[in-house]
Amino acid sequence: MVVLRKPNEKMEYILATDVGSTTTKARFFHKRDGEWRFWVAGEAPTTVEAPYEDVTLGVRNAVREVEELTGHQILTPDGTGIIIPYDGEKGVDLYCTTSSAGGGLQMMVAGLIKTMTAESANRAALGAGAIVMDVIARDDGRRIYQKIRRIRSLRPDMILLAGGTDGGAKAHVMEIAELIKAAEPKARLGISYKLPIVYAGNKDLRPQIKELLGKDFALTIVDNLRPVLEIENTEPARRAIHELFMEHVMSHAPGYDKLMKWTDVDIMPTPAGEGMAMQLIAKVYGKNVLGVGLGGATTNVYSVFEGKFVRSVSANLGMSYSITNVMKEAGIKNIMRWLPFKLDEEEVANRLMNKMIRPTTIPHTLEDLIVEHAVAREALRLGLRHHKGIATRLKGVRVKRTIGDIFEQALEETYIDLMKIDIIAGTGGLLSHAPWRAQSLLILTDAFQPEGVTWLFQDSVFMMPHLGVLSTVYPEAAWQIFDKDCLVRLGTVIAPRGLAKEGEEVMTVEMEMPDGETIREGVKFGEIKCIELPERQEANITIIPQRGFDVGNGSGHKVEGKAMGGVVGVILDGRGRPLQLPEEEGLRKELLLRWWHALNLYPEDELKELV
Amino acid sequence: MKGSKFTKRVSKEAYAYTPGLKVKLATTIYKTRRLPVPGEVLVGMGDSVSYDTIVARAFIRGDPEVVKVSTLLGVEPEELPEYMYKRVGDRVKKDEVIAGYTALFGLIKKRATSPIDGTIESISTATGQIVIRGLPVPVEVDAYIPGEVVEVLPREGVVVKTNAAFVQGIFGIGGETHGRIRIAVDSPEEELTADHVTSEDKGAILIGGSLVTLDALRRGVEVGVSCIVAGGIHHKDLKEFMGEEIGVAITGQEEVGLTLIITEGFGRMRMSRRTFNLLKRFEGYMAAANGATQIRAGVIRPEIIIPHEEHYEETSGDELAAGMIPGTPIRIIREPYFGAIGRVISLPVELQQIQTRSYVRVVEVELEDGRVVIVPRANVEIIEE
C-alpha cells in the first residue's frame, strides 16, 4: 500500500534503505536546484537475528550514520521512527525499503512437467525475487516418497503450484497437489500461520484445488502461468507472490511489523528492486541487458533480452556467507588461476573459510583484495552458467529451424547470446566497493566474456535496489538519481569471438573521437588495450576483424557502431573468446600481469611487491 | 566547522559489525528444550535434571505413502471408492489388502496392498491415489545441561537454568554432547596432535591450543572423545575429516564421531588467552558442548557450558553488546593483524584510505605490543569483558 505524505513535486528529501542479509544500507537523496541527487550513504550491520531480533535497530544505526555525516535529523528523538514529512528543518518526505534479511523470500515451486510448467513456475518465482529451494515436478526423477520427504524437510515461506494448460491435464496436476497436502509442509517463520500457496495452473481445476488445499493453506488462485504451451504469463503469479510476501512473510520476520509502519511504500524483496533497476536500464537505452547483483549470500543474474525479463538466483554463490561454496563449486584451482603471485592453495582456502565465518570483514591488504576478486570472477562465471539454464526457450513449443541451425547441429537451449548483449551492468558490495573502477570492469569482462561491442555499467555505491523500489512511486526522481549518481559508465568492451596464436592480428579499430581526431588501433591476439574516452561522451567506431574473428556480422566482417565513454574507457580486448588462460604457470602469471598493467588495475608498487 | 578538513571529527560511539564471542567465568544459562511438535512434558517445575534426563517426549506424524490404487486395479479414479476395502481413518498393516476386485468368476483378481503400517488418510476420486499415513515416530528431548527446571512450556518442553562458565566458539561441527574437561596441551600456542590423545580420554572434552591436526581428530574418534576444542584447524584437514567440503556454514548435524569446536578460525591460530585460561581453570569439570554453527539467518555459534557452584561475581548476561568507545578492548579479525588484541584509541568519522586504496570507516587501535594501527571498523570485534 502506498501512502505518500506529500505530492511528488513538493518533496525535498527521500530516504531509502536495503535491509540486506549482512548489512543495512541507507541512502539519502536530496533535491537540489530542481534536480534529485544522491547525497550520502550510511551502513550498519543488519539486526534480524538474536540477540537483537529487530531489523529496525540496524535501520536506525544506518540512518544515524547518515545523520552524523549530514547533520540532518531524520530519526524521531526517541529513535522509534522516521520523521515524515520534512518540516523545513528535519525529517524526510518519503521513506522506502527493500529487504533480503533472514534469507529473503524462500519458495518451493511445483509444476507438472519439469521442462514446461515447472520451469515456467520457477521463472515466475525467481522473477518475483524469490530463492527457489526446490522444483517439484512429476518427472523430476524422484520417487513419490522422496518428493514427500523433501517437501516435509523444506520450510518455505510460500509455495507456487502450476501445472497443465487451461483445459489440459487434470489428474496429474491433482496428484502433485495431493502430494503437497500429504507432506504437510510447515512455514519457515513460525508454525502459527498457514503456509501461503499460489495456484497458477489449469483454470478448470480451481474448484478441486480450493477444496483440497483451501482449508490447510492460505490459498491464492491466479491466472494460469502457462495457459497454452506457446505462452508464458508469469505476471499474475509474480504480483500474488509480492502481496503474500508482505502479508504473510514480512509480517512474521523480527521487527518487520514496526518497519512496515515506518515505510510509505510496501517493502520489496531486494532482488525485485534490483530487477526493476535492470529493466529501467533496458527501457531507457532500448537495448539487451545482462545484469548481475553479486551479494554476500547469493548471486542474482538478470537478463532483458529482446524485451523478455528473466532473473536467476544462485542461492549459494556469494562473497561472504557463501564464499566457500564458490570454492566448493568452482574448485580452488579455478580461483587460483586468477592470481599472478605465489600463494599457497591451503592459505587461500583458510582465508576464504575465515571470511565465511566472519562475513562482514573486508580486505585490508592488496593481496586479500585480489584473492576476493578472483573468487568474484568464479562466482559470476557460475552465476551466468546457471542463468543460461533458466533463460531458455519455452519447451514444448515447435521451433522453426533454419538451414544454419541444422549446420550448428543442435539449437542451444538458452537464448542468451553474448554477442547480442549490448549492456552489462553490475551491482553488489564487491563491485560497488572495488577501489578502482577498472577492477570491476575487468572482473565482469573476465567472468561474462562479452562479445562484439558491449557497454559496461556499474552501481556506484550500491543503490540499485533502493532506486528500484523508489521508481514504483516516483519514477522521475529515481531516474534522475540513477542517471547522475548511481549508474557509473565504466566504458565499452570490444571483443571479437574467435581464437588465434599469440601475436597474430585480431582486429583493427577506428575511433572517431569527440574532438574530431581519428584513432586507429591494431590489436593482436592475447593483447588488451585501453583508449580513454570520458563518461558521457561517445565515439563512432569501425571494427575490422581478421578472418576467423567475429564482432557481430560474421567472421571477418566489418561492424560499425558507437562506443560509450566511461571512467575506464574503451577496452580493445584481443584475448579471444572463449577466454583461455595458459596452463603453464609462468606464462599465465605473466599474461595476467600484462593485462592488469594495460588497464592500470592495481597500485603498481604494491603489486610488484606481491609478485 | 562541520566537515572541515581542519577539525578531526570522531564518533563518540560506534557499533562493531561482528559481535564478539562470549567468554564468561560465571553467568546464568537458560536453555529452552523444546519438542518439534506438541507432546508430553516429563518433568515438573523445580525438578533437578542432568545431562541425559529426558524432559519431553512426542510423536511426530509418520511419513505419508501415496499408493496409486486406481492404476493398480485398472479402474477409473472416480470408481475407486467402490473397490476400497478400507475407509478414511482405518488402520492398516503392511501388505494388508486395501482394495481389489474380482471379475469373470474369479479368473481376474486384482489387489492393492498397503506398503506400510499406518492409517488411511485420504482416498482421491480425482487422481485415484490414496494416502496412507505411517505410524507416529517418537521423539525425545533431553536436558542437555544439568540444572533446575524453571519453566514448563505446556506440551512443548521446559526451560532449564544453571550457573555456569560459558565459552562461544567461532565454528564447529557435530551436535550436543557432554564430558569432562581435560587440557591436553601446555599452552594456547601448542598444537593438539594424536600424541596428546590417550585411551583415557574416552568421553572427554579435550582442549587443544593453536591447531588440531587431522590425526588428532582421528585418534579422538578412535578412543571415543566427546568433543575437541582448539584455536584453529586447517581447511584441508577439516575437509578430509568430514569427507566433504563445507559449502555454507550450517552445521551441527554431522555424524563424524565427535563434536569439534574452533574458537578462532581457520589455519593455525593461537587460542585466545582468555578462553584458554578459563577452560584451564575448570579442568576436571563436567561440561556440555555443541558444535552447531549457523552464520546466516539466525546466528548460532558453537558453545561450551561448564556448570559450577562457585561464586564469582556474575559477569554481564545477555544484554545487547554495547558499542565501541575509546578504551574498548577489541580483537582484529582479518589480515594483516589477524588475532591481534588491542584497545580503541579513536573512531574517526571521515572515511580513510587503506592499502587496497578503498576509502572505509576505520578505527584507530593500540595493540598489546604498543603499536598503533588503523584498521577498517568492519575488521574488529569487541571483546566482552
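Reminder, nothing fancy here: chain letters follow the sequence lines and each chain counts from 1.
- The minimum heavy-atom distance between Ala171(A) and Ala126(B), with the atom names listed, is CB-O, 3.8 Å.
- Interface check for chain A: of the options Lys239(B), Gln355(B), Arg334(B), the most heavy-atom pairs under 4.5 Å are formed by Arg334(B).
- Between His364(A) and Val375(B), some side-chain heavy-atom pair lies under the 4.5 Å cut-off.
- Looking at Ile362(A), both its backbone and its side chain come within 4.5 Å of chain B, counting heavy atoms on both sides.
- Note that the CZ atom of Arg361(B) and the CD atom of Glu43(A) stand 10.0 Å from one another [nearest 0.5 Å].
- Considering only heavy-atom pairs separated by less than 4.5 Å from chain A, the leading option among Lys68(B), Met269(B), Glu65(B) is Lys68(B).
- Residues Pro64(B) and Ala182(A) come closest through the heavy atom pair CG-O, 3.4 Å.
- Note: Glu367(A) CD to Thr356(B) OG1 = 13.0 Å, rounded to the nearest 0.5 Å.
- Interatomic distance, His234(B) NE2 to Glu346(A) CD, rounded to the nearest 0.5 Å: 6.5 Å.
- No part of Glu345(A) comes within reach of chain B, as not one of its non-hydrogen atoms sits under 4.5 angstrom from that chain.
- In this structure, chain A has a heavy atom under 4.5 Å from the backbone of Ile374(B), while its side chain stays farther away.
- Between Met353(A) and Leu238(B) the shortest side-chain heavy-atom distance falls below 4.5 Å.
- Within 6.0 Å of the NZ atom in Lys328(A), the count of heavy atoms belonging to other residues, nucleotides or ligands exceeds 12.
- Listed by chain and number, the residues in a ring-ring contact (aromatic ring centres under 6.0 Å, His included) with Tyr602(A) are His373(A), Trp596(A) (sequence neighbours excluded).
- Of the two parts of Glu121(B), only the side chain, counted from C-beta on, holds a non-hydrogen atom closer than 4.5 Å to a non-hydrogen atom of chain A.
- From Leu351(B), atom CG reaches atom CG of Leu69(A) across 7.0 Å, with rounding to the nearest 0.5 Å.
- Most heavy-atom pairs under 4.5 Å with chain B, from the set Thr324(A), Leu205(A), Ile370(A), Asn354(A): that is Asn354(A).
- Annotation for His235(B) and Ala349(A): closest pair ND1-CB, 3.2 Å, computed over non-hydrogen atoms.
- A donor atom on one side chain and an acceptor atom on the other are found under 3.5 Å apart for Thr127(B) and Glu178(A).
- Of all heavy-atom pairs between Gly267(B) and Asn350(A), the closest is CA-ND2, 3.4 Å.
- Both the backbone and the side chain of Leu366(A) have a heavy atom closer than 4.5 Å to some heavy atom of chain B.
- Summarising the geometry of Asp63(B) relative to Arg152(A), their closest heavy-atom pair is OD1-NH1, 2.7 Å, with the distance given to 0.1 Å.
- Annotation for Thr365(A) and Pro336(B): closest pair CG2-CD, 3.7 Å, computed over non-hydrogen atoms.
- Contacts between Gln353(B) and chain A at a heavy-atom distance below 4.5 Å are absent for every atom of the residue.
- Interface remark: of the candidates Phe338(B), Tyr359(B), Phe171(B), Phe338(B) forms the most heavy-atom pairs closer than 4.5 Å to chain A.
- When side chains are defined from C-beta on, Arg357(B) does not count as touching Gln439(A), because their heavy atoms never get closer than 4.5 Å.
- Taken to the nearest 0.5 Å, the OG1 atom of Thr360(A) stands 14.0 Å off from the CZ atom of Arg377(B).
- Heavy atoms of Arg61(B) lying under 4.5 Å from chain A belong to its backbone as well as its side chain.
- When the candidates Arg149(A), Lys181(A), Glu347(A), Arg351(A) are compared by the number of heavy-atom contacts under 4.5 Å with chain B, Arg351(A) comes out ahead.
- With chain B as the partner, the residue from Lys355(A), Glu175(A), Arg64(A) showing the most heavy-atom pairs under 4.5 Å is Glu175(A).
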